[in-house]
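Accompanying notes for the structure given below.
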Amino acid sequence: SQQGEEDPQALSIQEGENATMNCSYKTSINNLQWYRQNSGRGLVHLILIRSNEREKHSGRLRVTLDTSKKSSSLLITASRAADTASYFCACGSGNNRLAFGKGNQVVVIP
Amino acid sequence: GAVVSQHPSWVICKSGTSVKIECRSLDFQATTMFWYRQFPKQSLMLMATSNEGSKATYEQGVEKDKFLINHASLTLSTLTVTSAHPEDSSFYICSASFGAAGDQPQHFGDGTRLSIL
């Protein structure tokens, strides 16, 4: 299966702490994307990292990709209460679609 | 930029009713639109991929006569749930992308919560 699998699936942290979540996948990819979903809303694209990239930053987000281990990580630094959401990784493998993982629920306690 | 509008956001209707959900890309032309279904605390399940002017491609197990998709223009796709029953109750989300879908970010609508009584 191409589907990403996030780990841990639920994370509760204090505001100001860093939150790290991992995503593993099974076959080759062109890119890996991370999305955020607030409760009852659609998904918001956070960051896309291509298979020839190893690390990417966007504001307080840092994404790494290790294609040899078929894994990616998303780090949110200095978390805020507004970061409370579900985070999904999604694999793009050139077949005109994305395969989404099961999601990772993050709760940031003020 | 890259705003996708989805309407309605909430629908409650009686069993047997057909429900139409609209998905519009407001500030870009979407070469591909996607329809997903999401159950509580679960991931997105891709239902179908829709390209402007051509028939939608449905995922295995999704009834094309039950979930009618029309992609009439580069900015509008519609999903019609025909003769809806309680088991069709779910959260339906559309997304749109331009360029090679799967190689670009997808831009999502805010979803439609469908409740069939």
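Model, not experiment: these values are computed from the prediction. Residue numbers begin at 1 in each chain, while the letters A, B, ... track the order of the sequences.
Taking 4.0 Å as the cut-off between side-chain N and carboxylate O, A:R50 and B:D103 do not count as a salt-bridged pair. Salt-bridge annotation for A:E15 and A:R80: absent, with no side-chain N of the basic residue lying under 4.0 Å from a carboxylate O of the acidic one.
Surrounding NZ of A:K56 are more than 12 heavy atoms belonging to other residues, nucleotides or ligands, all under 6.0 Å away.
For residues 79-88 of chain B, heavy-atom neighbours of chain A at less than 4.5 Å comprise no residues at all.
When each of B:G111, B:C94, B:P105, B:P40 is checked for heavy-atom pairs under 4.5 Å with chain A, B:P105 comes out on top. Counting heavy-atom pairs closer than 4.5 Å to chain A, the top residue among B:Q38, B:R113, B:K41 is B:Q38. Among B:Q42, B:H107, B:E59, the residue with the largest count of heavy-atom pairs under 4.5 Å with chain A is B:E59. Put simply, of A:N31, A:L43, A:L98, the one with the most heavy-atom pairs under 4.5 Å next to chain B is A:L43.
Linking Ile, Leu, Val, Met, Phe, Trp and Tyr whenever their side-chain heavy atoms come within less than 4.5 Å puts B:M47 and B:I69 in one cluster. Hydrophobic clustering (ILVMFWY, side-chain heavy atoms < 4.5 Å, transitive): B:F108 and B:M45 are in distinct clusters.
Inspection of the B:T32 and B:N51 side chains reveals an N or O donor paired with an N or O acceptor under 3.5 Å.
Counting only residues at least two apart or on different chains, no ring pair (Phe, Tyr, Trp, His ring centres under 6.0 Å) pair has a member in residues 58-95 of chain A.
Side-chain contact between B:W35 and B:S77: present, with at least one pair of heavy atoms (C-beta onward) separated by less than 4.5 Å.
A:D66 contributes a side-chain N or O that, together with a main-chain N or O of A:K69, makes up a donor-acceptor pair within less than 3.5 Å.
Contact annotation for B:Q6: neither backbone nor side-chain heavy atoms come within less than 4.5 Å of a heavy atom of chain A. Heavy-atom distances place the side chain of A:L48, and not its backbone, under 4.5 Å from chain B.
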